[in-house]
Amino acid sequence: MMQQYHALKREAEGCLLFYRMGDFFELFFDDARQAAAILDIALTSRGEHDGQPVPMCGVPVHAAEGYLARLIKAGCRVAIAEQVETPEEARKRGGSKALVARDIVRFVTAGTLTEDALLEPRRANILAAVCEVRGKAGIAACDISTGRMEVEECAPDDIGAALARLGASELVAPEDWASAPDNAITRPRGDFGSDDGEARLKSVHGVATLDGFGQFTRAMLAAAGGLIAYLDHVGRGKLPLLLPPVAHSGSAALAMDEATRTSLEILQSQQGSRAGSLIAAIDRCVTGAGARQLADDLAAPLMDAAAIEARLSLVHWLHDDPLLRADLRDVLRSLPDIGRALGRVVAGRGSPRDLGQIRDGLAEARRLRDFLAARPDRPQLLDSILPHMGGHGHLVDLMQRALVAAPPTDCGQGGYIAAGYDAALDELRAMSGNSRRAIAAMESRYREETSVAALKIKHNGVLGYFIEVPARYADVLMQPDSGFTHRQTMAGAVRFNSVMLHEEAARIAQSGGHALAAEEAHFEELTAQVIEARQTIAAAAAALARIDVAAGQAERAADGGWCRPAITQDNCLNIEGGRHPVVEAALARSGERFVANDCILSPDDRLWLIGGPNMGGKSTFLRQNALIVLLAQAGGYVPATAATVGLVDRLFSRVGASDNLARGRSTFMVEMVETAAILAQATTRSFVILDEVGRGTSTYDGLALAWAAVEAVHGTNRSRCLFATHYHELSRLAESCDALSLHHVRAREWRGDLVLLHELAKGPADRSYGLAVAKLAGVPKDVVARAKSVLDRLEKGRAETGGLAAGLGDLPLFAAASQLQGKDADELRDHLDTLDIDALSPREALDMLYELKRLAGSTQT
Ligand code: ADP
């Protein structure tokens with residue numbers, strides 16, 4: 001057995017091997033250790049290998065899905081080795097000791113799931129392949145749970161951004177490629193040939209040329225080849241649902257790099273959850289397919305004004321007709337997820353229920369089409385998608401006749417093909433029905449004949465049909481000429497057989513077996529027809545999803561008082577009464593009100609420098625405007641009272657000193673790398689938000705870099721830009737940059753306390769509110785008081801000499817230090833050298849002040 005195991009294990013390289021033994025999947029050696037730890041199940045052992053006990057753990061086959069889900073989530077891949085012959089077959093083949101043959105029937109990996117239980121209904125599950133051909137990067141991606149596939153070509157430098165848009169859960173790349181992304185699974189180089197890729201695509205879709213699908217570059221074809229080869233490997237030769245590839249053109253979509261996506265928290269928050277993200281705040285879709293489409297829309301907002309307007313008009317139509325919207329959403333809500341049901345059917349893992357779902361979904365789509373087609377003033381987008389919703393009349397009719405109303409997930413028991421669909425099947429069922437009635441009649445007859453009123457004919461899985469009487473009447477049936485043969489003696493009962501019963505039972509078994517086989521044949525036939533129609537079924541699913549997205553957007557807009565944005569080609573951004581959907585929702589939960597703010601940018605006033613106290617609302621303002629641009633170009637309403645959005649080609653969002661140590665670079669380094677990317681890529685059509693850039697280093701460096709970055713964005717990139725900063729000094733830029741204006745978030749001190757108004761106003765921030773913010777944050781009173789005296793002196797020094805630190809010489813603390821001698825002075829200096837002020841808690845800062853005072857020799861504390 002171990003020999004067979006090791007052979008399979010070699011085939012399953014990089015995967016945990018689920019080795020089927022009876023009702024369990026067993027894991028051995030390191031696989032067992034790893035899985036037992038992740039699944040928190042008992043690690044046992046079985047036999048010995050090289051004199052050592054073999055570690056083992058197992059999961060029951062019937063519960064395997066749940067365990068698989070956890071292993072996949074933990075980043076594992078799993079190979080499933082099934083028994084491919086019965087023990088009888090094995091014995092026939094190789095004698096009584098023969099081992100049952102096993103084979104890997106499937107690999108379960110994060111990117112190749114189709115089971116509902118393993119997938120999130122509202123999220124696409126993307127598998128991507130990436131490679132490089134003659135200096136160009138090719139990316140192919142698919143969601144096999146719905147069959148959607150797309151390919152893209154980009155510069156090798158843009159791979160990160162392209163992959164960030166896709167958010168793949170599994171990535172494959174050629175094995176010998178030096179710049180393969182770190183998290184990629186490597187596959188043989190030969191899988192990524194462009195000629196092979198083209199041939200594979202043609203054969204998958206049964207076409208002689210790909211021209212009908214669009215134009216594909218060598219790099220795209222090579223990546224597609226790698227993707228299909230991997231799917232072929234994982235599915236052991238059985239390919240999942242793949243729709244014709246769509247070429248994604250980077251220039252057709254609003255470009256955002258990875259840092260921007262992360263910082264704007266579009267599909268997930270910085271903590272990695274959906275909660276707290278933009279999509280969580282706006283998603284009102286009533287179907288999983290709608291939610292997945294919305295995520296796609298937000299991940300790749302459009303650049304084409306006409307396409308945006310088409311989506312907006314549909315939202316508008318549904319927004320202005322609440323009754324229609326409510327009706328529509330009611331219908332959509334009850335729809336099964338036909339896209340995913342189709343994915344399972346094509347992957348060979350479909351069940352009668354999946355067919356039933358496709359049938360019901362398509363029937364509903366047809367009704368919806370008729371309903372919508374009858375409405376006047378339809379928006380044009382609807383006219384272009386309605387035809388996809390009704391082209392399956394024949395298939396729906398067929399499945400309505402063939403399948404029962406609620407088919408089961410399991411074929412094994414039969415009973416899913418409807419009565420009246422197949423006369424032969426009906427007859428088989430009637431026969432077993434007749435036999436069952438015959439057995440019931442037999443029971444009464446035997447009772448009369450034996451005078452045992454308690455006689456019963458029963459059925460169980462082991463004996464089949466049998467006659468049972470209480471033990472005290474057993475003698476009657478034991479008589480040699482009674483016609484009954486003894487089968488089993490139980491505690492209180494004895495069981496018998498009879499020739500007549502045996503014959504009738506055989507008839508039931510036979511007709512039942514034939515009926516099952518007949519049902520299976522119909523199931524296969526229906527499955528084949530569904531697979532044949534996969535493209536049109538997928539198109540219907542996509543049409544329904546598009547309508548759901550629009551209805552959900554309309555609902556969200558109506559709910560929140562959002563507006564339809566106007567889209568223009570000018571480089572302007574004109575947002576009145578803008579709000580941040582996520583912050584607003586969070587505030588609403590605690591009963592607070594969000595303060596709306598305007599943002600008016602034009603070529604002559606394109607860069608706003610925004611000052612004001614910490615916690616005043618600067619970041620929120622920056623992000624809300626970026627999100628409004630994104631929502632508008634995704635074709636939805638926006639959280640504002642009025643908005644005109646000049647099409648943006650690239651969106652950049654950067655937050656200074658964001659803690660990115662996990663990636664192994666210092667925060668300041670990250671900040672500069674990201675700033676460099678903006679300065680290199682932003683155009684006059686771009687929109688840039690920079691939040692406290694320059695904060696990750698010492699005051700002078702940071703100020704200088706922030707200064708230079710603002711100048712460059714203003715003068716060279718000429719992008720629209722919002723720049724939030726606490727550096728007062730940057731206000732001076734207004735003197736040299738003519739399209740730059742100064743703004744601040746308002747705050748007021750009231751009876752010694754700081755009141756943040758979260759309101760944007762024109763002009764520079766009048767002063768810094770750092771100390772008031774510190775007080776607000778709970779820094780101890782005496783520390784704030786001490787800081788106040790430091791500040792006063794700093795400001796005095798600056799006023800007198802013009803130098804930032806000129807006032808410091810006067811400070812008692814430093815004055816005392818300069819008088820210290822020898823060891824004490826060294827100790828104090830060491831102390832100050834090792835001090836990381838940013839890392840101190842207020843309490844530690846206070847302790848430090850006491851300590852410094854002690855070192856300085858002061859006796860008073
Ligand atoms: P800053 O960037 O100036 O430090 P933030 O934008 O992070 O400030 O805002 C701090 C907090 O203030 C937010 O978490 C939110 O609770 C609140 N806030 C921000 N903007 C607004 C607003 N427009 N209306 C109401 N509350 C706001």
Side-chain angles (χ1 to χ4, degrees), residues 260 262-265 269-271 275-278 280-281 560-562 575-600 608-628 631 638-643 652-659 667 671 688-696 702 706 710 721-728 730-731 742-750 753-779 838:
T260 300
T262 315
S263 128
L264 291 179
E265 307 187 292
S269 73
Q270 303 222 2
Q271 285 74 44
S277 66
L278 173 67
W562 294 13
I575 294 166
E576 291 167 32
R579 287 166 283 146
H580 189 303
V582 181
V583 175
E584 184 176 30
L587 287 176
R589 279 194 289 278
S590 53
E592 287 169 71
R593 215 175 55 83
F594 189 90
V595 181
N597 280 305
D598 300 349
C599 175
I600 316 287
W608 279 18
L609 203 60
I610 301 161
N614 243 320
M615 294 299 286
K618 299 186 293 297
S619 306
T620 307
F621 178 72
L622 262 50
R623 281 151 209 262
Q624 84 191 25
N625 292 302
L627 294 179
I628 285 171
L631 285 169
V638 297
T641 45
F652 291 96
S653 169
R654 290 295 185 274
V655 182
S658 66
D659 205 351
T667 52
E671 205 178 312
V688 179
I689 62 173
L690 293 165
D691 193 356
E692 299 277 13
V693 161
R695 196 167 54 176
V710 170
C721 173
L722 300 176
F723 193 107
T725 182
H726 67 285
Y727 290 127
H728 247 5
L730 287 180
S731 315
L742 302 175
H743 303 260
H744 63 279
V745 284
R746 292 184 56 207
R748 205 177 279 150
E749 268 192 90
W750 193 70
D753 281 331
L754 183 70
V755 183
L756 299 169
L757 301 174
H758 303 305
E759 197 182 288
L760 210 76
K762 235 181 144 49
D766 51 350
R767 42 176 290 212
S768 168
Y769 290 90
L771 297 186
V773 171
K775 193 169 159 199
L776 205 63
V779 175
D838 287 338

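Side chains are part of it too, since the values below use all heavy atoms of this structure and drop only hydrogens, waters and symmetry mates. Both ligands and their constituent atoms are indexed starting at 1 by order of listing.
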Are there protein heavy-atom neighbours of atom 3 (O) of ligand 1 below 4.0 Å?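 Given the 4.0 Å limit, the answer for atom 3 (O) of ligand 1 is yes, a protein heavy atom qualifies.
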
Given that the side chain starts at C-beta and the backbone is N, CA, C, O, which of these parts of Arg593 lies under 4.0 Å from ligand 1, counting heavy atoms, or is it both or neither?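 For Arg593, only backbone atoms sit under 4.0 Å from ligand 1.
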
At under 4.0 Å between heavy atoms, is it the side chain or the backbone of Leu587 that contacts ligand 1, or both, or neither?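 The side chain, only.
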
Do me a favour and list the nearest non-hydrogen protein atom to [atom] with residue, atom name and distance?
atom: atom 12 (O) of ligand 1; result: His758 CE1, 3.1 Å
atom: atom 23 (N) of ligand 1; result: Val595 O, 2.8 Å
atom: atom 11 (C) of ligand 1; result: Met615 CE, 3.9 Å
atom: atom 15 (C) of ligand 1; result: Val583 CG1, 4.0 Å
atom: atom 13 (C) of ligand 1; result: Thr620 OG1, 4.2 Å
atom: atom 8 (O) of ligand 1; result: Gly617 N, 3.0 Å

[Y] backbone acceptor or donor facing [X] side chain under 3.5 Å:
X: Glu265; Y: Gln270; result: yes
X: His758; Y: Gly616; result: yes
X: Lys618; Y: Ile610; result: no
X: Asp691; Y: Arg654; result: no
X: His744; Y: Gly763; result: yes
X: Gln624; Y: Gly578; result: yes

Phe621 N/O to ligand 1 N/O under 3.5 Å: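 Such a contact does not occur with ligand 1.
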
Under 3.5 Å between any N/O of Asp691 and any N/O of ligand 1: does that happen in this structure?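 In this structure, Asp691 places no N or O atom under 3.5 Å from an N or O of ligand 1.
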
Is there side-chain contact between [X] and [Y], with at least one heavy-atom pair below 4.5 Å?
X: Pro639; Y: Leu631; value: yes
X: Leu264; Y: Leu627; value: yes
X: Asn597; Y: Val745; value: no

Hey, which atoms in ligand 1 end up nearer than 4.0 Å to a heavy atom of Gly616?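 Every atom of ligand 1 under 4.0 Å from some heavy atom of Gly616: 1 (P), 3 (O), 8 (O).
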
Within the 4.0 Å heavy-atom shell around Asn614, which atoms of ligand 1 are there?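 Listed by number with element: 4 (O).
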
If you measure from each heavy atom of Gln624 to ligand 1, is any distance below 4.0 Å?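 Gln624: no contact with ligand 1 (<4.0 Å).
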
Applying a strict 4.0 Å limit to heavy atoms, is Pro613 in contact with ligand 1?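 Pro613 counts as a contact of ligand 1 under the 4.0 Å cut-off.
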
Ala640 and Ile575: which non-hydrogen atoms are nearest, and at how many Å?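 Closest pair (atom of Ala640, atom of Ile575, distance): CB-CG2, 3.9 Å.
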
